[in-house]
Amino acid sequence: MTRLIRSLSTPAATSGFSYPDVGATRTRPLPAGYHHLHHEALIGHGPHVLASAGAAVTTWAMHRRSGVRVRAGSARAEPGTRVDIALGAGPLMIGVPCEVVWTAYEEDRIGFAYGTLHGHPEIGEESFVVDRRPDGSVWFTVTAFSRPGRWYTRAAGPVVPVLQRAYARHLGRTLRKIAAA
């Protein structure tokens with residue numbers, strides 16, 4: 001099995017990030033001082049589900065189908081790719097600038113993580129990974145660590161983690177629909 005994991009590791013490459021713990025969603029444990037999120041969802045079974053779900057995750061299709069606007073610097077997730085996600089609508093639309101930190105394109109594991117750039121309402125990192133377990137089941141996992149980065153996310157207090165968990169569940173349901181098609 002060939003294992004392909006790419007990551008940014010040079011200090012110059014990580015200077016645009018708004019947090020010092022770049023890559024922690026891959027290396028674990030998640031850093032202290034942040035809210036931690038770990039959500040898993042069963043997507044289906046078999047290599048075809050892994051391939052379909054993995055492609056949807058790494059080509060931004062999952063995010064787009066979930067209802068957010070995505071502008072990415074490449075067609076699929078690669079370290080260093082700038083990703084701008086827009087949440088909300090009209091005057092309540094919030095842009096969230098991120099950059100892909102690491103990717104995994106492996107036989108039984110496909111996904112990536114992006115980290116927040118300056119200007120993002122949160123500070124931290126989030127990974128989206130699809131993996132096939134020994135029993136053939138395919139799972140989608142969202143792992144994140146974050147803390148408020150703007151006055152309005154600080155003011156929202158405990159509401160933000162609740163919304164993040166709801167969005168992770170929504171992504172799981174969206175990915176399950178994509179993989180079943």
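Please read all numbers here as calculations on a predicted model, not as lab measurements. The figures here come from the full heavy-atom set of this structure, side chains too, leaving out hydrogens, waters and symmetry mates.
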Donor-acceptor pair, side chain of [X] and main chain of [Y], under 3.5 angstrom:
X    : Y    : result
R65  : A56  : no
S18  : T116 : yes
S52  : H48  : no
H170 : S66  : yes
R64  : V70  : yes

Which atom names give the shortest non-hydrogen contact between [X] and [Y], and what distance separates them?
X    : Y    : answer
A179 : V49  : CB-CG1, 3.9 Å
R82  : P97  : NH2-CB, 3.2 Å
S146 : Q164 : OG-NE2, 3.2 Å
G124 : Y34  : CA-CE2, 4.5 Å
F145 : D21  : CZ-O, 3.6 Å
E78  : V100 : O-CB, 3.2 Å

Problem set entry | Reference residue T143; test side chain to side chain donor-acceptor pair (under 3.5 Å); the match among E40, R28, E126, H36 |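 Result for side chain to side chain donor-acceptor pair (under 3.5 Å) with T143: R28.
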
Problem set entry | Residues which pass side-chain contact (heavy atoms from CB on, under 4.5 Å) with A113, listed by chain and number, not counting sequence neighbours |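 With sequence neighbours excluded, A113 shows a side-chain contact (heavy atoms from CB on, under 4.5 Å) to T25, W102, E125, S127, given in chain and number order.
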
Problem set entry | Salt-bridge present (R132, D108; N to O < 4.0 Å) |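 Salt bridge present between R132 and D108.
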
First locate atom [atom1] of [X], then atom [atom2] of [Y], and finally report the distance between them rounded to the nearest 0.5 Å.
X    : Y    : atom1 : atom2 : answer
I43  : T141 : CD1   : OG1   : 9.0 Å
L50  : I110 : CG    : CD1   : 4.0 Å
R154 : Y152 : CZ    : OH    : 10.0 Å
I85  : W60  : CD1   : CH2   : 7.5 Å
T174 : K177 : OG1   : NZ    : 6.0 Å
D84  : R71  : CG    : CZ    : 4.5 Å

Exercise. Stepwise, does the side-chain contact (heavy atoms from CB on, under 4.5 Å) test hold for M62 with F140?
Worked result: CA-CA 11 Å; M62 175 190 67; F140 171 61; 3.6 Å; yes

For this session: Give the ring-plane orientation class for H63 versus F128, where under 30° counts as parallel, over 60° as perpendicular and anything between as tilted.
Result: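 If you compare the ring of H63 with that of F128, the planes turn out perpendicular.
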
For this session: Output, in order, the C-alpha distance, side-chain angles, deciding distance and verdict of side-chain contact (heavy atoms from CB on, under 4.5 Å) for V138 and H45.
Result: CA-CA 5 Å; V138 177; H45 291 80; 5.7 Å; no

For this session: Indicate whether any N or O donor in one side chain lies under 3.5 Å from an N or O acceptor in the other, for S137 and W139.
Result: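 The answer is yes; a qualifying pair exists.
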
Problem set entry | Heavy atoms of other groups near R133 CZ, more than 12 under 6.0 Å |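 Counting other residues, nucleotides and ligands, CZ of R133 exceeds 12 neighbours.
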
Problem set entry | Within 45° cone and under 6.0 Å: R76 NZ/CZ vs Y105 ring |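 Relative to the ring axis of Y105, which defines the angle, R76 lies inside both limits.
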
For this session: Quick one: do V160 and E122 satisfy side-chain contact (heavy atoms from CB on, under 4.5 Å)? Show the steps, please.
Result: CA-CA 9 Å; V160 174; E122 289 284 302; 3.5 Å; yes

Exercise. Do the side chains of V129 and R109 get nearer than 4.5 Å, heavy atoms only?
Worked result: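 Counting from C-beta outward, R109 and V129 do come under 4.5 Å.
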
For this session: Could you give me the CA-CA distance, side-chain angles and deciding distance for V130 and L175, then say whether side-chain contact (heavy atoms from CB on, under 4.5 Å) is met?
Result: CA-CA 10 Å; V130 179; L175 191 57; 3.8 Å; yes

For this session: Tell me, please, which residues at least two apart from T81 pass side chain to side chain donor-acceptor pair (under 3.5 Å).
Result: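 T81: side chain to side chain donor-acceptor pair (under 3.5 Å) contacts with S74.
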
Exercise. Sequence neighbours excluded, which residues qualify as side chain to side chain donor-acceptor pair (under 3.5 Å) partners of H39?
Worked result: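 Counting only residues at least two positions away or on another chain, H39 forms no side chain to side chain donor-acceptor pair (under 3.5 Å).
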
